[in-house]
Amino acid sequence: MSTIDIGSVSDLDHSRYTVSLSNGKSLVLFRLPTIRPRNATTPGADRSHDGWTYFAMEAVCPHAGGPMKDASIDIEDSSYVASCPWHAYDFNVETGESSYGLKTCTFPVTVQDDGRVSLHVADEAGLSLSGLEPVSEKVKFKHGSRIDASQPPPKYLGNDATLCDWCVHILSTADPELKIELTTHLFSLFATREQTSSPMEIGAGTITPPDEPPREESLKQVQPGAMPRAGKAGTLKSRITMIHALANIEQWAIDLAIDICVRFASFQTTTTSSATSGEAVPQPQPQPLPLPRTFFYDWLKVANDEAKHFSLLRARLEELGSRFGALPVHHGLWDSATRTADDLRARISVIALVHEARGLDVNPVTIERFRSAGDADSVDTLDIIHRDEITHVTTGHRWLTWICRQEGTDPVRVFRENVQRCFRGAVKGPFNAEARRTAGMDPRYYENLSGRPWKGDVIAGG
């Protein structure tokens with residue numbers, strides 16, 4: 001075994017690092033809030049220090065080589081789980097086990113009495129540390145700064161503010177720069193407080209979200225059918241038009257993910273009678289269930305991703321010599337939100353599993369057009385967005401399935417009924433069957449499916 005000195009806990013102030021070893025191997029070191037006591041006798045039993053616990057795992061996902069340094073972190077059964085940003089394969093950061101049947105290598109980490117952090121690699125002696133680099137979790141902001149100094153600073157709510165208070169505050173914020181800042185702040189705050197004795201109150205039913213989030217007065221808003229034609233990315237003007245349209249969708253997507261948290265905070269599952277006409281005594285009924293806190297964490301994570309996407313696209317527009325707001329925008333996605341404001345099942349079905357799933361279909365074509373035009377920087381941005389959107393569709397599928405499981409209904413049938421009731425237009429291909437399947441959607445969901453009559457295009461993304 002090799003025992004490798006990583007450094008002092010006082011110097012490790014990031015939540016994750018890439019670790020390079022002398023044999024060329026790369027690992028990821030996670031620094032996460034302690035969530036349960038460690039009673040094991042194996043190396044790693046003393047991996048916790050001063051409220052933080054340290055974990056190390058392979059830097060690449062064993063499924064398809066995705067970068068685990070960019071993994072999202074969730075909590076399941078009092079353990080941390082890292083999900084690959086490419087295809088959402090999840091891995092317990094301590095055991096390496098995945099719910100998909102795969103397993104990645106994890107490495108014990110210990111914290112010595114003197115505060116030194118050590119990494120242990122079995123079956124190979126003489127290894128040393130070649131490099132330790134913090135992984136930036138900053139969103140790509142305009143000119144390296146989050147907020148225009150000439151504008152009022154963002155208003156942060158007090159410690160007693162509920163999740164719903166924060167959500168309405170963000171929904172009521174028109175300035176996209178402030179919306180990005182507040183969204184990323186809320187996700188970080190909520191996730192951090194989940195690991196303390198004072199998690200953020202949800203505040204269900206205490207505040208009403210706006211009917212439609214405001215936009216800056218300088219934006220020219222038109223109907224979706226009146227948007228400028230983008231072309232096929234063969235010219236700079238075409239690429240700017242396409243990126244601007246995507247940025248508009250991502251800004252609405254921030255609001256959609258925030259809105260689902262507050263608008264449906266009081267949601268409870270329903271029950272149906274299980275007694276048949278021949279039963280003398282009805283069977284006990286399951287009790288209605290509120291949404292678990294992981295529901296809010298998941299959608300705040302989606303909102304945080306959408307803020308990142310908007311910021312990346314907005315920055316790319318500026319690098320190409322334009323700016324967000326230089327072209328018209330539309331609110332077509334919010335029209336779908338309005339039609340699904342009365343039912344969480346419908347909201348998830350239409351926004352996450354139609355609009356965002358449609359993004360999975362068209363993204364590869366868009367990316368290839370930018371690649372053919374030689375725009376590698378835009379390709380990098382669109383690749384990030386596409387990988388994240390697979391996990392967003394996964395999130396929608398997971399929570400619709402959870403609701404249906406509690407209610408004893410079929411998620412495929414519930415999805416199709418809600419699309420037929422609330423969506424406008426046909427769910428048309430060609431479909432990215434692989435990406436949809438990775439997100440949990442097999443063809444039973446979307447083949448031969450139409451909503452209400454509509455002649456316009458289906459908006460991709462959300």
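Fair warning: this is a prediction, and the values are worked out from it, not measured in the lab. Computed from heavy atoms alone, side chains included, the values below leave out hydrogens, waters and symmetry copies.
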Excluding sequence neighbours, so at least two apart, what forms side-chain hydrogen bond (donor to acceptor under 3.5 Å, both in side chains) with [X]?
X	result
Asp380	none
Asp175	none
Arg444	Asp442
Trp334	none

Between [X] and [Y], is there a donor-acceptor pair closer than 3.5 Å when you use the side chain of the first and the backbone of the second?
X	Y	result
Asn432	Leu360	yes
Thr192	Leu189	no
Trp52	Asp13	no
Ser188	Thr184	no
Asn418	Val350	no
Arg358	Val427	no
Arg316	Ile243	no
Arg424	Gly451	no
Thr53	Pro33	no

Heavy-atom distance under 4.5 Å between the side chains of [X] and [Y], does that happen here?
X	Y	result
Leu313	Leu317	no
Val135	His14	no
Val412	Arg416	yes
Val9	Tyr54	yes
Lys301	Thr391	no
Val93	Thr106	no
Leu21	Ser130	no
Leu449	Phe423	no

Charged N-O contact under 4.0 Å between [X] and [Y]:
X	Y	answer
Glu177	Arg314	yes
Lys308	Asp388	yes
Lys25	Glu58	yes

task: In sequence, state the C-alpha distance, the side-chain angles, and the governing distance for Leu163 and Leu186, and then conclude on side chain to side chain contact (heavy atoms under 4.5 Å, CB included).
output: CA-CA 8 Å; Leu163 172 64; Leu186 172 59; 4.1 Å; yes

Exercise. Taking it one step at a time, do His355 and Leu256 satisfy side chain to side chain contact (heavy atoms under 4.5 Å, CB included)?
Worked result: CA-CA 12 Å; His355 286 295; Leu256 289 166; over 6 Å; no

Can you tell me how far the [atom1] atom of [X] sits from the [atom2] atom of [Y], to the nearest 0.5 Å?
X	Y	atom1	atom2	answer
Gln251	Ile180	CD	CD1	8.0 Å
Leu400	Thr395	CG	OG1	12.5 Å
Ile390	Arg437	CD1	CZ	12.5 Å
Leu178	Thr173	CG	OG1	6.5 Å

Heavy-atom closest contact ([X] atom, [Y] atom, distance):
X	Y	value
Lys179	Thr183	O-OG1, 2.7 Å
Ala233	Ala373	O-CB, 3.3 Å
Pro430	Asp361	O-CB, 3.5 Å
Leu300	Cys261	CD2-SG, 4.1 Å
Ile351	Ala337	CD1-N, 4.2 Å
Phe415	Met441	CZ-CE, 4.2 Å

Margin query: Run Arg387 and Asp70 through salt bridge (Lys or Arg N to Asp or Glu O under 4.0 Å) and show every step you take.
Written below: CA-CA 11 Å; Arg387 293 194 296 266; Asp70 297 324; 5.7 Å; no

Notebook entry, point to check: For atom CG of Asn159, is the number of surrounding heavy atoms from other residues, nucleotides or ligands below 6.0 Å larger than 12?
Noted result: no

- Item | Atom CD of Glu201 with >12 non-hydrogen neighbours under 6.0 angstrom | no

(Q) Can you tell me how the ring of Trp166 sits relative to the ring of His185, calling it parallel under 30°, perpendicular over 60° and tilted otherwise? (A) tilted

Exercise. Relative to each other, are the rings of Phe190 and Tyr297 parallel, tilted or perpendicular (30° and 60° limits)?
Worked result: tilted

With a 3.5 Å cut-off and no angle check, do the side chains of [X] and [Y] form a donor-acceptor pair?
X	Y	result
Thr366	Asn363	no
Arg339	Ser336	yes
Glu389	His309	no

**OP:** Would you check, one step at a time, whether the test side chain to side chain donor-acceptor pair (under 3.5 Å) holds for Asp165 with Thr162?
**Re:** CA-CA 5 Å; Asp165 290 334; Thr162 67; 3.1 Å; yes

The single option from Ser83, Pro62, Cys84, Ser26 that satisfies side chain to side chain contact (heavy atoms under 4.5 Å, CB included) with Met68 is Cys84

| Ring centroid separation for Tyr17 and Phe30, is it under 6.0 angstrom? | no

Quiz prompt | Aromatic centroids of Phe267 and Phe295 separated by under 6.0 Å | solution = no

Between Trp252 and His331, is a side chain to side chain contact (heavy atoms under 4.5 Å, CB included) present by the stated rule, with each step listed?
CA-CA 8 Å; Trp252 283 111; His331 55 224; 3.4 Å; yes

Check step by step if side chain to side chain contact (heavy atoms under 4.5 Å, CB included) holds for Leu344 and Leu291. CA-CA 11 Å; Leu344 177 57; Leu291 292 167; 4.0 Å; yes

Sorted by chain and number, sequence neighbours left out, ring pair (Phe, Tyr, Trp, His ring centres under 6.0 Å) with Tyr446 holds for Phe431

Tell me which donor-acceptor pairs under 3.5 Å the side chains of residues 210-222 have, and how far apart each pair is, sequence neighbours excluded?
unit_1	atom_1	unit_2	atom_2	d
Arg215	NH1	Asp255	OD2	3.0
Arg215	NH2	Asp255	OD2	2.8

